[in-house]
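Note sheet for the following structure.
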Amino acid sequence: MTEPLIFDLGAPGRGSCSMPEVDVPALPLEELIPERLLRASPPEIPEAGEREVAGHFTRLSVLNYGVDTGFYPLGSCTMKYNPKINEYAARLPGFARLHPYQPAGQVQGALRLMYELQGYLAEITGMDFFTLQPAAGAHGEFTGLLMIKAYHESRGETGRRRVIVPDSSHGTNPATAALCGLEVRQIRSGPGGTVDLSALSEALDGETAAVMLTNPNTLGLFESEISEVAGAVHRAGALMYCDGANMNAVMGISRPGEMGFDVIHLNLHKTFSTPHGGGGPGSGPVGVKGFLAPFLPYPLVNHSPETGSFFLDFDRPQSIGKVKSFYGNFGVAVRAYAYIRALGGEGLREVSENAVLNANYLLSLVRDSYRVPFDRPCMHEFVLAPPAGFKEAGLHTLDIAKRLMDYGYHPPTVYFPLIVEEALMVEPTETESRATLEEFAAALVKIAREGLEDPELIKESPHGTPVSRLDEVSAARRPVLRWQPPEGK
Amino acid sequence: MRYVLNTDGDRRVMLDRIGAAGAGDLFRDIPDGVRLRRPLDLPHPMAEPGLHRHLRELAGENLNLDDYACFLGAGSYDHYVSPLVDQLLLRSEFYTAYTPYQPEISQGTLQATFEYQSLICALTGMDAANASLYDGASALAEAALMACEETKRGKVVISGATHPEYRATVRTYLKHRGIEVAECPDTGGVTDAGLLARLVDGRTAAAIIQQPNFFGCLEEAPEIGEAARRHNSLFVVCADPVSLGLLEAPGEYGADIVCGEGQGLGNHPGFGGPYLGYLACRQKLVRRLPGRLVGQTLDKRGRRGFVLTIQAREQHIRREKATSNICSNEALCALAATIHLCWLGKEGLRRVAELCLQKSHYAHRLITSHKGVQASFKAPFFKEFAVRLEEDPEEVNRRLLQSRIIGGLDLGRFYPGYAGQMLLCCTEQRTREEIERLAAGIGGIAND
């Protein structure tokens, strides 16, 4: 089942175009733009009719798998249900049809929403201030680390040029440190999968700018010694950065601010139910303790008690500057705002309780059939490794992932975290039913059996998808990254 | 509970199976010292009808561009978006999917992204484009970093007529890598090419311009590209993709990297985001591209399919050695741009560009015919232009609002030297009647 490229549809002279004729007195093109700046030939855009375009993209959509299609237990990504009222809200003309440079007096509702959301996120995380400017989690990390750097520099501590990350960290953590011009030092996790305090203490010194941690960590384990970790980091004069990717486990239960973190980024597209969009847009708000507030990117949304109105505060002389144009992914913020207002504080705590319950229940259903590298109660996600005998049969985690597609599931995250060989990282989220978890567990258990009985069946999977396994090696070696017009055209 | 399916009965069964007495047991790894001992202090939950009303009321506190004719541009544009775009974006297989790491069940996103990359290449005259970045500002910053990596040089020269927020973002990204950012001021609304040529030297990784620039003016781009080439610096052009329906593809006049804001293609102004940054380059730079790339390949049965490719550039593989830290991009906005361009077609995009050009020039003629109003700049322009007013722009805008018009941007916000000058934009959306109302509003009182 394949779909032609849009470039292979349509016909010369056919077009959807229902743009009007020019309705103002017009001048010849050459009088308006020097010919040397004009295009010699039109860009190769398909000439398809609206009906063809609608059909093409509809057919493409059914080759995809989304949260609404079925179970999507992708670890670290929190693929929870995306409530439809959020989509409605973001499309209201009063939100979607606003220009970012309209004067504040014309956009009080939008500024109010942003201001309130900043406050809600601060309350949920135990931080003092939030910026909504970063467009994604990694963008939030960038913003947060730059603020930490600016803080140290403001105190004359310019030698703090190193960031410590555990070996279980997300790839964005070290990549962000490098983007900020900082060095990365990776420390080994302890035998229990959490931070090894002695390894951390050894790594900490006067050149440490920050320690980046995820809590619960990427193995789905809560860092029980987090207060001791924070104490050691702060004694060394460094700051604590929280990758908030796993906030879905602890809302209303524990707050990073109280754990000793100084900075946190959240992923509105994970914890706060905004859709992932096939890769984006996301939103990565950053929260800080009060002492870092001067360094937040400008502008901040603020409220004037005197006038009772909301405004954009550009007067921030110590700000790290801007990390993107305008004020962040506002449309994503609208969705997250709607979600928080739908659930309230109690509802968010129930989200986390059910996320953790679902993960532990699912783990209990598969722990006898798979290897569990860190076999203890988990938080909102857990990590498995392939069953005994799979390695000998030449089977890998990837094969399990592909076979799950035949049973109608999106596979878990594979080969992450890096400290578990052949990792399968499972995050069911709170929005799945007990029945779904049981059916998924049954499929995993069945695959464990199939692998030993008929390894070829699994190696050749998936069998029922629009395409079978694709040749990724050739794709990378001889990249074909675009459609090319036929010769002579 | 909303969005959670477990009943009390389910929870009982599940807790029993786990061997936990209650939900509290699930969190026993969390030490008492870091437990929250009170409920979160958030507003009470709202039932859906009340939430629906609340959201409408909040939205209703804003003046929106459906009710007011908007002549603001400056990096966010009120171009027409067909309902076709939004209805296809609402296919939940698209918008509720994750990044297409599992290609067998992600061909929809992957093929659409391949088509997006192809369209960006066609518009810009480049060989390869990535799957999108956050916005025009961050795309320009990434382009500058690419140029520094490629040339192993530590300085970029950027035109001061580039969007001020883009320049601010570029400075944020480059400062911490120890890269010098030299700004070349404008003369009469366009980059001073002579000065720029003097600023570009053997240490310069890239010369960067915006076309059309922030003032709406067209740069003598080929000449600036020449200046870059004299020192083997790369030439980076930040281009409005809508303008490329009429204007020469930057690849044809020597650009090495072309990037920009793609919002004007199928995405609403949305109070500044989400937008999409596009980034395209010549073949020799492909392996330095940040972010995701989709490539064509074959499956085991020889059928064409698409995959994420050349991933050895990316953070999840290379960690601190990655070309960028980007993970999430703006895939759905890129899908909107793809559908929008395909809907417009070859002729349609040209028509949109012509409408922008003719309407903005008509507005320019009407407005500058008023006594006391002068054109700020003489350079040719595409869809935006600046005028010098006798009155305070804020005052003029207040008056325009009474005629249901959202007026232009006071350039003084970013360029103190140009205070009192108003930047105006006409997209294809602005009707003749609206333009005449704008001109009357500006001029009527100016003649008093």
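Side-chain atoms of W343(B) and E50(A) include a donor-acceptor pair closer than 3.5 Å. At a cut-off of 3.5 Å, with distance as the only test, no side-chain donor of S118(B) or R482(A) sits close to an acceptor on the other residue. A donor-acceptor pair shorter than 3.5 Å cannot be found between the side chains of T172(A) and N325(B). Judged by distance alone, the side chains of D299(B) and S468(A) do bring a donor and an acceptor atom under 3.5 Å apart. Counted by atom type alone, R17(B) and S364(A) present one or more donor-acceptor pairs between their side chains at under 3.5 Å. A donor-acceptor pair shorter than 3.5 Å can be found between the side chains of R11(B) and N354(A).
No salt bridge links R97(A) with D67(B); every basic N to acidic carboxylate O contact stays at or beyond 4.0 Å. A salt bridge does not link D471(A) with K300(B): every distance from a Lys NZ or Arg NE/NH1/NH2 to an Asp or Glu carboxylate oxygen is 4.0 Å or more. Salt-bridge annotation for R35(B) and E258(A): absent, with no side-chain N of the basic residue lying under 4.0 Å from a carboxylate O of the acidic one. In summary, E104(B) and K402(A) engage in a salt bridge, as defined by a charged side-chain N under 4.0 Å from a carboxylate O. A salt bridge between E165(B) and K322(A) is present, with a side-chain N of the basic residue lying under 4.0 Å from a carboxylate O of the acidic one.
Ring centroid separation for the pair F142(A) and Y173(B) comes in under the 6.0 Å cut-off. The six-membered or imidazole ring of Y98(B) lies away from that of H410(A), with a centre-to-centre distance of 6.0 Å or more.
Ring pair Y275(B)/F326(A) is perpendicular by interplanar angle, where above 60° counts as perpendicular and below 30° as parallel. A tilted orientation is assigned to the rings of F271(B) and Y327(A), their planes being inclined by 30° to 60°.
Of the residues listed (Q358(B), K359(B), R432(B)), the one engaging D23(A) in a side-chain hydrogen bond (donor to acceptor under 3.5 Å, both in side chains) is K359(B), and it is the only one.
Among S433(A), S474(A), S273(A), the residue with the largest count of heavy-atom pairs under 4.5 Å with chain B is S433(A).
With a threshold of 4.5 angstrom between heavy atoms, E87(A) approaches chain B through side-chain atoms but not through N, CA, C or O. Residue contact with chain B, scored on non-hydrogen atoms closer than 4.5 Å, involves the backbone and the side chain of T176(A) alike. When heavy atoms are compared at a cutoff of 4.5 Å, I340(A) approaches chain B solely by way of its side chain, counted from C-beta outward. Using a 4.5 Å cut-off between heavy atoms, L84(B) touches chain A through its side chain atoms alone. With a threshold of 4.5 angstrom between heavy atoms, T431(A) approaches chain B through its backbone and through its side chain. Interface remark: Y362(B) contributes side-chain atoms only to the contact with chain A (heavy atom separation under 4.5 Å). For L92(A), the part lying under 4.5 angstrom from a heavy atom of chain B is the side chain only. Contacts of F95(A) with chain B are made by both backbone and side-chain atoms, with heavy-atom separations under 4.5 Å. Neither the backbone nor the side chain of R171(B) comes within less than 4.5 Å of any heavy atom of chain A.
At distances below 3.5 Å, not a single donor-acceptor pair connects side-chain atoms of E330(B) with backbone N or O atoms of G280(A). Side-chain atoms of T309(B) come within 3.5 Å of backbone N or O of A475(A) as a donor-acceptor pair.
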*Could you walk me through whether I105(B) and N64(A) pass side chain to side chain contact (heavy atoms under 4.5 Å, CB included), step by step?*
CA-CA 5 Å; I105(B) 51 174; N64(A) 252 17; over 6 Å; no

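Annotation: side chain to side chain donor-acceptor pair (under 3.5 Å) contacts of R376(A) (sequence neighbours excluded): D29(B).
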